[in-house]
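Quick caveat, the model's predicted, so the values are computed rather than measured.
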Amino acid sequence: MERISGVSLFVMYLALCLCVATTRARMSSEASLIEKACEKAEHKDFCISNLKSNPEAKNTNMRGLALLYVNLVREHVVKNAAMKAIDQQCKEEYVDALVEIDDSITDFSTNAAHDISTWMSSAMSYVDTCQEMLKEAGVTGSELQSNQLLSKLCNSALAVINAWALL
């Protein structure tokens with residue numbers, strides 16, 4: 001059996017250290033990008049945790065993080081619109097929000113961050129209007145909570161879009 005020389009052990013140790021350092025640097029870079037993306041979000045920890053829990057956020061840039069958030073908002077708008085206890089007028093607000101969100105997704109193809117921000121702000125207004133309608137109707141259950149979550153998602157998406165627009 002061949003013995004491993006001291007030089008060979010040293011080279012293997014250096015290679016291992018380089019791998020660990022590279023992995024740590026990449027993980028730190030991903031975390032700092034997500035933190036920078038969510039820096040101006042009203043609910044910063046909420047924004048960060050949503051991105052960190054998404055595996056696709058690990059290998060993307062600021063534009064990609066913005067698109068991930070817009071798609072997350074879209075999923076929740078569709079889910080909320082399907083709730084049985086939501087009245088017709090509120091459902092129409094969700095449909096209008098969905099139109100704005102789809103317009104923003106289309107604008108990702110041209111990297112029009114400022115236009116996307118405008119679309120998302122408009123979608124957020126529709127969600128906020130629905131929130132007021134739910135409160136006025138005395139809704140207190142899961143529909144109200146789901147809309148509050150959607151409002152936080154819109155706010156976070158807008159923060160990430162605006163962070164991207166500033167690059």
Side-chain angles (χ1 to χ4, degrees), residues 27 29-167:
M27 289 172 66
S29 173
E30 290 166 3
S32 65
L33 180 65
I34 289 172
E35 288 173 13
K36 184 177 180 182
C38 295
E39 188 172 44
K40 304 243 181 196
E42 185 177 331
H43 308 280
K44 185 177 176 180
D45 292 340
F46 174 82
C47 179
I48 290 169
S49 69
N50 274 302
L51 286 175
K52 283 186 175 180
S53 68
N54 187 325
E56 293 177 42
K58 291 178 176 57
N59 298 313
T60 192
N61 55 19
M62 191 71 78
R63 177 190 176 278
L65 294 177
L67 182 57
L68 286 172
Y69 239 115
V70 170
N71 281 316
L72 182 60
V73 169
R74 188 183 194 291
E75 288 173 26
H76 280 268
V77 168
V78 170
K79 179 181 146 195
N80 283 14
M83 290 182 153
K84 292 190 187 307
I86 300 294
D87 69 9
Q88 188 58 37
Q89 193 171 358
C90 203
K91 285 183 184 199
E92 289 172 14
E93 296 295 322
Y94 286 139
V95 168
D96 291 340
L98 198 54
V99 168
E100 304 295 342
I101 292 166
D102 287 344
D103 286 342
S104 73
I105 291 171
T106 300
D107 280 347
F108 271 95
S109 66
T110 60
N111 292 322
H114 294 289
D115 292 342
I116 295 166
S117 179
T118 301
W119 295 124
M120 185 52 65
S121 293
S122 184
M124 195 164 141
S125 293
Y126 289 117
V127 170
D128 290 344
T129 299
C130 185
Q131 183 76 6
E132 291 307 312
M133 289 176 181
L134 291 170
K135 286 179 182 176
E136 288 173 12
V139 175
T140 59
S142 62
E143 293 81 10
L144 185 65
Q145 291 173 351
S146 187
N147 198 75
Q148 289 169 337
L149 172 66
L150 180 55
S151 184
K152 287 170 72 173
L153 289 169
C154 286
N155 177 277
S156 296
L158 193 55
V160 176
I161 291 164
N162 289 337
W164 169 48
L166 293 174
L167 294 180

How far does [atom1] of [X] sit from [atom2] of [Y], to the nearest 0.5 angstrom?
| X | Y | atom1 | atom2 | answer |
| --- | --- | --- | --- | --- |
| Ile161 | Ser156 | CD1 | OG | 10.5 Å |
| Ser117 | Leu166 | OG | CG | 9.5 Å |
| Leu134 | Gln145 | CG | CD | 11.5 Å |
| Asp115 | Thr106 | CG | OG1 | 11.5 Å |
| Leu158 | Glu42 | CG | CD | 10.5 Å |
| Leu67 | Glu56 | CG | CD | 9.0 Å |

Inset, instruction - For this output row, return yes or no: ring centroids of Trp164 and Phe108 closer than 6.0 angstrom. - result: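 Between Phe108 and Trp164, which both carry aromatic rings, the centre distance is below 6.0 Å.
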
Is there side-chain contact between [X] and [Y], with heavy atoms separated by less than 4.5 Å?
| X | Y | result |
| --- | --- | --- |
| Ser146 | Met83 | yes |
| Lys44 | Ile48 | yes |
| Leu153 | Tyr69 | yes |
| Val139 | Ile86 | no |
| Cys38 | Leu51 | yes |
| Lys135 | Thr140 | no |
| Arg74 | Asp102 | yes |
| Leu68 | Leu72 | no |

Other residues, nucleotides, ligands: >12 heavy atoms within 6.0 Å of Gln148 CD: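 Check passes, neighbour count above 12.
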
Would you say Lys40 has more than 12 foreign heavy atoms packed within less than 6.0 Å of its NZ?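 Not buried by this count: 12 neighbours or fewer within 6.0 Å.
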
Under a 3.5 Å distance rule, please check whether [X] uses its side chain to pair with a backbone N or O of [Y] as donor and acceptor.
| X | Y | answer |
| --- | --- | --- |
| Asn147 | Glu143 | no |
| Asn155 | Ser151 | no |
| Thr60 | Ala57 | no |
| Ser122 | Thr118 | no |

Please report the closest heavy-atom contact between [X] and [Y], naming both atoms and the distance.
| X | Y | answer |
| --- | --- | --- |
| Val127 | Ala97 | CG2-CB, 4.5 Å |
| Ser53 | Pro55 | O-CD, 3.4 Å |
| Ala157 | Val73 | CB-CG2, 3.8 Å |
| Ser104 | Ile101 | OG-O, 2.6 Å |
| Met120 | Val70 | CE-CG2, 3.8 Å |
| Met62 | Ala37 | SD-CB, 3.3 Å |

Check the pair Asn80 / Lys91 against side chain to side chain contact (heavy atoms under 4.5 Å, CB included), numbers first and verdict last.
CA-CA 8 Å; Asn80 283 14; Lys91 285 183 184 199; over 6 Å; no

Check your understanding: Gln131 and Glu93: side chain to side chain contact (heavy atoms under 4.5 Å, CB included), yes or no, with the steps?
Key -> CA-CA 10 Å; Gln131 183 76 6; Glu93 296 295 322; over 6 Å; no

| message | side chain to side chain contact (heavy atoms under 4.5 Å, CB included) for Leu150 and Tyr94? Distances and angles first, verdict last. | response | CA-CA 11 Å; Leu150 180 55; Tyr94 286 139; 3.7 Å; yes

Would Leu167 and Lys36 satisfy side chain to side chain contact (heavy atoms under 4.5 Å, CB included), going step by step from the backbone distance to the final call?
CA-CA 11 Å; Leu167 294 180; Lys36 184 177 180 182; 3.9 Å; yes

